[in-house]
Amino acid sequence: MSDSQSAPTGDIPADFIRSIITEDRAAGAYDGRVVTRFPPEPNGYLHIGHAKSICLNFGVGEQYTGARCHMRFDDTNPTREDIEYVESILADVKWLGFDWDEHLYYASDYFEQLYEYAEQLIRDGNAYVDSLTADEIRDYRGTLTEPGRESPDRNRPSEESLDLFRRMRAGEFEDGEYVLRAKIDMASPNVNMRDPVLYRIRHAEHHRTGDDWCIYPMYDYAHSLSDSIEGITHSLCTLEFEDHRPLYDWCQEALGIYRSRQIEFARLNLTHTVMSKRMLRRLVEDEYVMGWDDPRMPTLSALRRRGYTPESIRDMCERVGVARRNTVTELALLEHCLREDLNQRAPRRMAVLNPLKVVITNYPEGESEEFRAVNNPEDDSMGTRSVPFSREIYIERDDFMEDPPRRFYRLAPGREVRLRYACLITCTDVVKDVDGNVVEVHCTYDPESRGGNAPDGRRVQGTIHWVSAAHAKKFEIRLYDNLFTDPDPAGAASESGDDFVDLINADSLEVVTAMVEPGLAAAEPGDRFQFERLGYFCADPDSKAGVPVFNRTTTLRDSWARISRRQE
RNA sequence: UGGGGAUUAGUCUAGUGGUAAGACGCCUGACUCUGGAUCAGGUAUCACAGGUUCGAAUCCUGUAUCCCCAGCCA
């Protein structure tokens, strides 16, 4: 048996971070506690990349007994933040299925305490108020290969710095007049350690503290201390903060406060999309997409609207794992996770996206009947439904070919196929317009095959979906394709010197009016279905009562498409 | 030699001195009232070059390539 106290709950993935945590527990570090945190700045919408961090931090918080994960907003820059973002972020984390219980925090809640700590740094000679301008500070900082120079204010007596710092807080100075700097090492090979700025003056209204403050702490300082204040044991962040770790440690050490450990991991990148905030904002603001939740965006709100399940996203994050290597995960993995999930739970329906009329010439005019259709072959408990059938139906244009190639086993002149759940039909005639386009197909049906099989046991190769013309509803369906056909749009753009928006897939959105089975009129926004042989679809919030609008979440795997492509 | 990281199949991840594992993708085939799902099989010698060792993806040395850092952003 395992030793009870340090035993993790359930199966824990063996990534390097969890290995560290498990070892720490076994060694009794942090009194056996495990506390992580997810710390976004409320200045934008969460995207699929954030999902990895959320799954990691909240995942760890769930997997070890007694562990927890704090939800914390790193709201230290009032000029770019807004309450709108904190609300959307909270909603997205909840949607993914995570819970912070009562542990919702804001760095801004610690402003007073952070200020006190800053005074302590000054008193201890570990920080000073500097009057250099932003340009001068940059100049004094040196370069990557040359050491920096000390500011003339570096040896300002601490009483004087203390006085100036208090007056900074009191609002006696303009933005930029003074900053508080840590006194570390201007010659450090790590430029982050060359007396980094800890506080700046910003006469701006903060979305939570209003105008209580006109000085705001910088990220490195606020983050390190917030972690310490909350007793975070493992502070998990992305690779680009690696060079900040010495400063993170310095802040806690100089103050002699609780020590947290920062551990960096590689962020998630996905093919066929962009993930940088700058690019996503551009797509929205220049109206290449309809908004942050346009179903083609990689934001969590967009994926939700498109029909992705939170389970599929979490599954993908788990499969991708956690490591320190910069990588790009194939979109195909996310799509696989999605299909696997939806295959189990999405009820089946029939819809024809690109209709071709079929007249069943030996079926009595004006009559109709109903066939029993299985709602989900993967789950009997989902039951069956009845689908109306009549003399005229619609089938998919792609399911008929006048002159079919090898291995095409759908409808063609003289061929017999099965209408799913209904009966066998044989094509007897083709009606064309003056230009020679097929506008209608005539078939006969075998009355003995009602239900789908012929009593003589003969087999057909193809089964196609259909909708009764007399009963069909016409609904709008939005078909989405990747926003970028290039797997690495950001990389391709920077390599060729093009603007990344020039790489946008012109066919990323196609709107069609489809013929669908009548029962679908009752679909509510958010309802997901599999339209048989086509893909997964989700009713959009744009739906009106009785008139849903569907988004295609993703297609089904299509091996015929691959075969026919290869035959060309 | 500015500093810090990384390098295992098309992609992601495991393996931490004993003869490369899993997932996605792709390819074969079986099955099928979704060309879906499912099932079976296939798909790399571990960036490179040396060295240590009976034995190296794992240890040592060197080389190469890629990523991050010079905001009063996070």
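Proteins come first, then strands; the chains are lettered A, B, ... in the order of their sequence lines, and each starts at number 1. Keep in mind that what you see is a predicted model, and the values were worked out from it rather than measured.
A:Ile464 comes within contact range of no nucleotide atom at all, as no heavy-atom separation falls under 4.0 Å. Heavy atoms of A:Val328 sit under 4.0 angstrom from primed sugar atoms or phosphate atoms, though from no base atom. Nucleic acid contact for A:Arg566: sugar-phosphate only, since backbone atoms but no base atoms lie under 4.0 Å from a heavy atom of the residue. Backbone-only engagement by A:Val320 is indicated by non-hydrogen atom pairs under 4.0 Å involving sugar-phosphate atoms exclusively. Nucleic acid contact for A:Arg319: sugar-phosphate only, since backbone atoms but no base atoms lie under 4.0 Å from a heavy atom of the residue. Within the 4.0 angstrom heavy-atom criterion, no nucleotide atom of any strand lies near A:Phe531. At the heavy-atom level, A:Arg339 lies nowhere under 4.0 Å from the strands shown. Among the heavy atoms of the strands lying under 4.0 Å from A:Asn343 is at least one base atom, whether or not backbone atoms are also near. Among the heavy atoms of the strands, none lies under 4.0 Å from A:Ile215. Nucleic acid contact for A:Arg278: none, since no nucleic acid atom lies under 4.0 Å from a heavy atom of the residue. A:Phe241 comes within 4.0 angstrom of a base, heavy atoms only. Backbone-only engagement by A:Asp74 is indicated by non-hydrogen atom pairs under 4.0 Å involving sugar-phosphate atoms exclusively. Using a 4.0 Å heavy-atom distance criterion, A:Arg141 is classed as a sugar-phosphate-only contact.
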- Would you sort out whether A:Glu240 and A:Arg267 count as a salt bridge (Lys or Arg N to Asp or Glu O under 4.0 Å), showing the intermediate values? CA-CA 9 Å; A:Glu240 66 269 28; A:Arg267 59 170 359 124; 2.9 Å; yes

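In summary, of the residues considered (A:Phe165, A:Tyr110, A:Tyr216, A:Tyr221), a ring pair (Phe, Tyr, Trp, His ring centres under 6.0 Å) with A:Tyr115 occurs for A:Phe165 alone.
Remark on RNA chain B: of its neighbouring residues A:Arg533 and A:Ala323, the 5'-side contact belongs to A:Ala323, judged by nearest-heavy-atom nucleotide. Two residues, A:Asp15 and A:Arg80, neighbour RNA chain B, and the one matched to the more 5' nucleotide by heavy-atom proximity is A:Asp15.
B:A74 has no base stacking with the ring of A:Tyr219 when judged by centroids under 5.5 angstrom apart and an interplanar angle below 30°.
Residue A:Arg562 places at least one side-chain N or O under 4.0 Å from the OP1 or OP2 atom of B:C27. The side chain of A:Thr133 contributes no N or O atom lying less than 4.0 Å from OP1 or OP2 of B:C72. At the phosphate of B:C24, neither OP1 nor OP2 sits under 4.0 Å from any side-chain N or O atom of A:Arg557. Contact between the side-chain N/O atoms of A:Arg138 and the OP1/OP2 oxygens of B:G71 is found at a separation under 4.0 Å. For B:C67, neither phosphate oxygen OP1 nor OP2 lies less than 4.0 angstrom from any side-chain nitrogen or oxygen of A:Arg267. For the OP1/OP2 pair of B:G35 and a distance below 4.0 Å, the side-chain nitrogens and oxygens of A:Thr463 include no atom meeting the criterion. Phosphate contact (OP1/OP2 of B:A74, side-chain N/O of A:Arg200, threshold under 4.0 Å): present.
Pairing for B:G55 is absent, judged as Watson-Crick or G-U wobble with the two contacts each under 3.5 Å. Across all strands shown, B:G25 forms a Watson-Crick or G-U wobble pair with B:U43, both key distances being under 3.5 Å. Taking a pair to require two hydrogen-bonding distances under 3.5 Å in either a Watson-Crick or a G-U wobble arrangement, B:G62 pairs with B:C48.
A donor-acceptor pair shorter than 3.5 Å can be found between the side chains of A:Glu41 and A:Asn43. In the model, A:Tyr248 has no side-chain atom that pairs as donor or acceptor with a side-chain atom of A:Gln262 under 3.5 Å. Under 3.5 Å, the side chains of A:Thr309 and A:Ser312 contain a donor-acceptor pair of N or O atoms.
B:G71: glycosidic angle within 90° of 0, hence syn.
Looking at A:Glu330, its side chain comes within 3.5 Å of the base of B:G10 through a donor and an acceptor atom. Between the base of B:U13 and the side chain of A:Arg325 there is no donor-acceptor pair shorter than 3.5 Å. The base of B:G36 is paired with the side chain of A:Glu378 by a donor and an acceptor separated by under 3.5 Å. Evaluation of atom-type donor-acceptor distances gives no pair under 3.5 Å for the side chain of A:Asp558 against the base of B:G35.
Because its NZ or CZ atom is both nearer than 6.0 Å to the ring centre of A:Tyr140 and within 45° of the ring axis, A:Arg149 counts as a cation-pi partner of that residue.
B:C39 sits 15 Å from B:G22 when the P atoms are compared, rounded to a whole Å. Rounded to whole Å, the C1' atom of B:U13 lies 23 Å from the corresponding atom of B:C48.
Contact detail for A:Leu268 and A:Met316: the closest heavy-atom pair is CD2-CE, 3.8 Å.
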